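Reviewing the structure listed below.
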Amino acid sequence: MTVLPDGLPLAAEFPDATREQWQHLVEGVLRKSGTTDVSGADAEEALATALQDGVSVRPLYTAQDAPGDAGYPGFAPYVRGARPEGATLSGWDVRQRHTHPDPARTNAAVLADLENGASSVWLAVGDGGVPADALGQALDGVYLDLAPVVLDAGADFDAAARALLRLYADRRVPPHAALGNLGADPFALAARTGRHADLPGHLTAATELAQLAGRDHPGVRAFTVDALPYHEAGGSTAEELGCSLAAAVATLRALTGAGLTVDQACAQLEFRYAATADQFLTIAKLRAARRLWARVAEVSGAAGPHAAQRQHAVTSAVMMTRRDPWVNMLRTTVAALAAGVGGADAVTVLPFDHAIGLPDDFARRIARNTSTILLEESHLARVIDPAGGSWYVERLTDEVAHAAWAWFQEIERAGGMAKALECGLVADRLAATWERRSRDLARRKEPITGVSEYPNLAEQPVVREPAPGTGTGRGLPRVRRDEAYERLRARADAALAADGTRPRIFLAALGPAAAHTARAAFTANLFQAGGIEAVHDPVTVTAGTVAEAFAASGAAVACLCSSDALYAEQAVEVARELKAAGARRVYLAGRPGEAREELERAGVDAFVHAGCDAVEVLTSALDIMGVAR
């Protein structure tokens with residue numbers, strides 16, 4: 001702090017600014033942008049960004065927005081972390097996922113990961129991974145008293161869990177030294193498969209495993225409360241949290257009903273959440289999840305550290321793209337950072353080629369090194385709760401917690417998680433949320449770099465071995481942000497393979513580059529998102545030259561690109577010439593305004609602009625070009 005000669009700090013020379021003064025300045029900015037009917041708090045609200053679940057991000061946060069005392073790290077309500085020391089001693093658990101069905105190849109990959117930075121193993125078993133009876137081969141050479149093993153076996157969880165417990169005995173691992181999670185989650189299994197009739201039997205089997213693990217292996221948990229099925233079905237942050245809370249409460253009831261104490265039952269649970277590239281929302285989600293579970297544990301009678309939620313964060317599969325998959329490295333890095341800052345105990349970074357197939361050695365290396373760099377070079381874990389005290393994060397945590405609690409209460413009013421899944425309450429709510437989000441994706445309000453924004457039609461495809469089947473049966477679907485654009489790109493690629501050329505659109509640019517460059521670039525970017533090549537040759541056209549240029553382009557459709565002033569002078573004549581030259585559809589880049597009717601009479605069929613439904617525009621363009629669906 002700068003100090004003046006008289007000993008006063010420099011800040012003393014400036015009066016404190018008030019929120020009202022800031023709002024007044026905002027009013028001036030809004031007036032310059034054409035908004036004149038807002039003032040005061042309304043002006044501030046005009047700059048707010050609406051998120052899902054009724055949560056919004058404000059343009060300014062002050063101490064007045066702080067929701068209250070978040071407590072201390074390691075103490076209830078555990079918002080600031082489950083342990084007083086956070087992850088400062090050893091960082092978070094770097095947990096690598098393995099899904100290859102060949103136990104020998106899985107074993108080689110597991111050993112490579114553990115030797116190069118991973119600290120635990122997340123192993124798919126059964127239909128989605130290695131056979132349960134090959135568990136020993138897959139874990140050959142793994143020190144089971146040092147590296148925790150977490151199972152993900154779906155309907156085969158009982159056989160896989162018992163195989164792992166036998167492996168502990170066969171390798172003479174002391175019962176108190178065994179570490180890991182048996183991975184049982186009957187509710188997530190029912191959500192994935194839709195086989196609700198199997199839920200009671202699976203819950204009984206899982207409860208028996210919890211009793212067995214709790215008696216003989218205190219370092220092994222039996223249950224994973226997996227929220228990924230709800231996230232991967234398109235659920236919002238609050239819906240993911242609310243579903244996990246409802247599933248955990250139902251599990252807690254089953255465990256205590258079987259004779260376990262509340263503390264013993266809580267000790268059998270680990271929670272799994274998705275971490276996305278929306279870093280602040282992910283941070284808030286993990287902090288809110290601990291607060292919510294602490295409240296449930298408190299009401300249930302849990303004491304001390306048993307009320308603290310153990311969290312496993314996994315970078316979101318929904319955000320992973322198949323096109324330009326290299327960008328996934330950036331997405332997973334931000335997500336891993338958010339998971340660490342949010343206080344996750346274990347973090348799994350999915351390889352950048354996860355959406356394409358089985359990852360190769362390079363992809364797994366990048367995935368595990370992401371956590372290593374954040375821990376060893378960025379020193380992210382050396383600060384306990386780095387986001388603590390941020391008015392923005394604290395307020396966002398509070399709002400997410402309240403929204404999630406409301407959804408949890410709705411599930412409980414419906415009879416609990418089992419009934420909410422069976423009657424379709426959960427599926428319908430998640431589907432409605434995904435439909436709303438899909439509209440934002442289609443309109444590019446939520447852009448996807450490399451897919452809906454800045455696609456590269458010349459990229460070389462990344463080829464991987466097919467991953468084991470992950471069919472959901474009649475259960476919740478698995479969605480991806482890129483799915484609508486992926487279908488469009490696949491259609492265009494099929495046309496390229498069949499005809500040797502891509503579908504094309506001719507850019508009829510009017511006037512000098514200064515007049516048309518912005519809209520020509522916008523149009524090219526838009527149509528390339530659907531695999532349609534933009535032909536901008538010659539650089540500029542007139543009514544007298546456009547017909548010849550269009551014919552030479554080999555395109556079936558065209559788009560006028562220029563400024564509003566030049567549209568008023570030339571667009572009508574150029575559109576007529578394009579129609580006469582055989583253009584099956586003529587677009588105009590920009591909003592038509594009062595000239596719409598005249599432009600449409602001249603042959604303009606549609607208008608493309610920021611906020612238009614890109615998926616609809618591209619689908620109809622491919623249809624008009626005769627590209628097969």
Side-chain angles (χ1 to χ4, degrees), residues 49 51-53 55-57 70 78-82 86-87 91-95 225-245 270-293 309-320 327-350 354 367 370-371 374-375 378 380-381 383-404 407 433 437 446 448-449 480-481:
T49 301
L51 305 179
Q52 295 174 326
D53 306 311
V55 176
S56 64
V57 175
Y78 301 103
V79 173
R80 304 196 62 192
W92 56 79
D93 175 5
V94 180
R95 183 172 296 175
V225 181
D226 192 354
L228 297 188
Y230 318 111
H231 169 77
E232 292 175 3
S236 66
T237 296
E239 287 163 353
E240 181 186 350
L241 291 182
C243 287
S244 73
L245 206 62
E270 180 178 69
F271 291 73
R272 181 176 295 143
Y273 295 110
T276 73
D278 189 334
Q279 60 186 29
F280 289 109
L281 197 56
T282 295
I283 294 168
K285 173 166 69 176
L286 297 176
R287 300 171 96 246
R290 290 192 295 271
R291 172 181 169 183
L292 294 170
W293 182 242
Q309 187 184 74
R310 181 169 179 81
Q311 294 178 335
H312 173 202
V314 183
T315 58
S316 167
V318 176
M319 72 179 181
M320 304 291 269
V327 184
N328 290 331
M329 295 183 194
L330 304 180
R331 298 183 179 103
T332 55
T333 298
V334 175
L337 180 149
V341 172
D345 299 284
V347 178
T348 295
V349 176
L350 295 180
H354 172 81
T370 299
S371 280
L374 292 173
L375 288 168
S378 299
L380 201 63
V383 178
I384 302 173
D385 186 27
S390 162
W391 297 318
Y392 168 39
V393 172
E394 300 291 4
R395 182 59 179 249
L396 188 59
T397 298
D398 184 68
E399 292 182 1
V400 167
H402 278 88
W407 171 232
T433 299
R437 189 177 179 190
E446 183 181 338
I448 311 172
T449 304
R480 280 201 179 98
R481 292 196 309 159

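This structure is a prediction, so every number in the text was calculated from the model and none was measured. One-based numbering along the sequence shown.
- Tyr392 OH to Phe280 CZ: the interatomic distance, rounded to the nearest 0.5 Å, is 6.0 Å.
- A donor-acceptor pair under 3.5 Å links the side-chain atoms of Ser316 to the main chain of Val318, judged by distance alone.
- With a 4.5 Å cut-off on side-chain heavy atoms, Leu281 and Thr276 do not count as touching.
- A donor-acceptor pair shorter than 3.5 Å can be found between the side chains of Gln311 and Arg290.
- Residues Gly340 and Trp92 come closest through the heavy atom pair CA-CZ3, 3.5 Å.
- In terms of modelled atom types and a separation under 3.5 Å, the side chain of Thr332 and the main chain of Met329 share a donor-acceptor contact.
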Between Thr237 and Gln52, does the side-chain contact (heavy atoms from CB on, under 4.5 Å) criterion hold? Intermediate values first, please. CA-CA 8 Å; Thr237 296; Gln52 295 174 326; 5.5 Å; no
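- With rounding to the nearest 0.5 Å, the separation of CG in Asn328 from CE in Met319 is 7.5 Å.
- Counting only N and O atoms by type, the side chains of Tyr230 and Ser244 include no donor and acceptor under 3.5 Å apart.
- With sequence neighbours left out, Glu240 forms a side chain to side chain donor-acceptor pair (under 3.5 Å) with Lys285.
- Of the inter-residue distances, the one linking Trp407 atom CH2 with Cys243 atom SG reads 5.5 Å to the nearest 0.5 angstrom.
- Side-chain N or O atoms of Ser56 include none that pairs as donor or acceptor with a backbone N or O of Thr49 at under 3.5 Å.
- The side chain to side chain donor-acceptor pair (under 3.5 Å) check on Asp93 picks up Arg95, Ser119, Ser120, with sequence neighbours excluded.
- Note that CG of Asp398 and CZ of Arg287 are 10.5 Å apart. Values are rounded to the nearest 0.5 Å.
- Across Ala404 and Leu241, no two heavy atoms sit closer than the pair CB-CB, 3.6 Å.
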List the steps, then state whether side-chain hydrogen bond (donor to acceptor under 3.5 Å, both in side chains) holds for Glu394 with Thr397. CA-CA 5 Å; Glu394 300 291 4; Thr397 298; 5.0 Å; no
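- Between Tyr273 and the options Gln309, His231, His312, a side chain to side chain donor-acceptor pair (under 3.5 Å) holds for only Gln309.
- Across Ala313 and Ala339, no two heavy atoms sit closer than the pair CB-CB, 3.6 Å.
- Summarising the geometry, atom OG belonging to Ser390 is positioned 12.5 Å from atom CZ belonging to Arg395; distances are rounded to the nearest 0.5 Å.
- The structure places CZ of Phe271 at 11.5 Å from CG of Asp345, a figure rounded to the nearest 0.5 Å.
- Formation of a donor-acceptor pair under 3.5 Å by the Asp226 side chain with backbone atoms of Leu228 is found in this model.
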For a side-chain contact (heavy atoms from CB on, under 4.5 Å) check, start with the C-alpha distance between Leu380 and Leu337, then their side-chain angles and the critical distance, and finish with the verdict. CA-CA 8 Å; Leu380 201 63; Leu337 180 149; 3.9 Å; yes
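- Across Ala336 and Thr370, no two heavy atoms sit closer than the pair CB-CG2, 4.2 Å.
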Starting from the C-alpha separation in whole Å, work towards a yes-or-no answer on side-chain contact (heavy atoms from CB on, under 4.5 Å) for Val94 and Val349. CA-CA 8 Å; Val94 180; Val349 176; over 6 Å; no
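- Here the rule is side chain to side chain contact (heavy atoms under 4.5 Å, CB included) with Val341, and of Asp385, Val393, Leu286, Ile283 only Ile283 fits it.
- Using modelled atom types, one finds a donor on one side chain and an acceptor on the other under 3.5 Å when comparing Glu239 with Thr433.
- Asp53 places a side-chain N or O within donor-acceptor distance of the main-chain N or O of Ala238, the cut-off being under 3.5 Å.
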Could you walk me through whether Thr315 and Arg331 satisfy the side-chain contact (heavy atoms from CB on, under 4.5 Å) test, starting with their C-alpha distance in whole Å, then the side-chain angles of each, then the deciding distance to 0.1 Å, before giving a yes or no? CA-CA 8 Å; Thr315 58; Arg331 298 183 179 103; over 6 Å; no
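- Listed by chain and number, the residues in a salt bridge (Lys or Arg N to Asp or Glu O under 4.0 Å) with Arg480 amount to none (sequence neighbours excluded).
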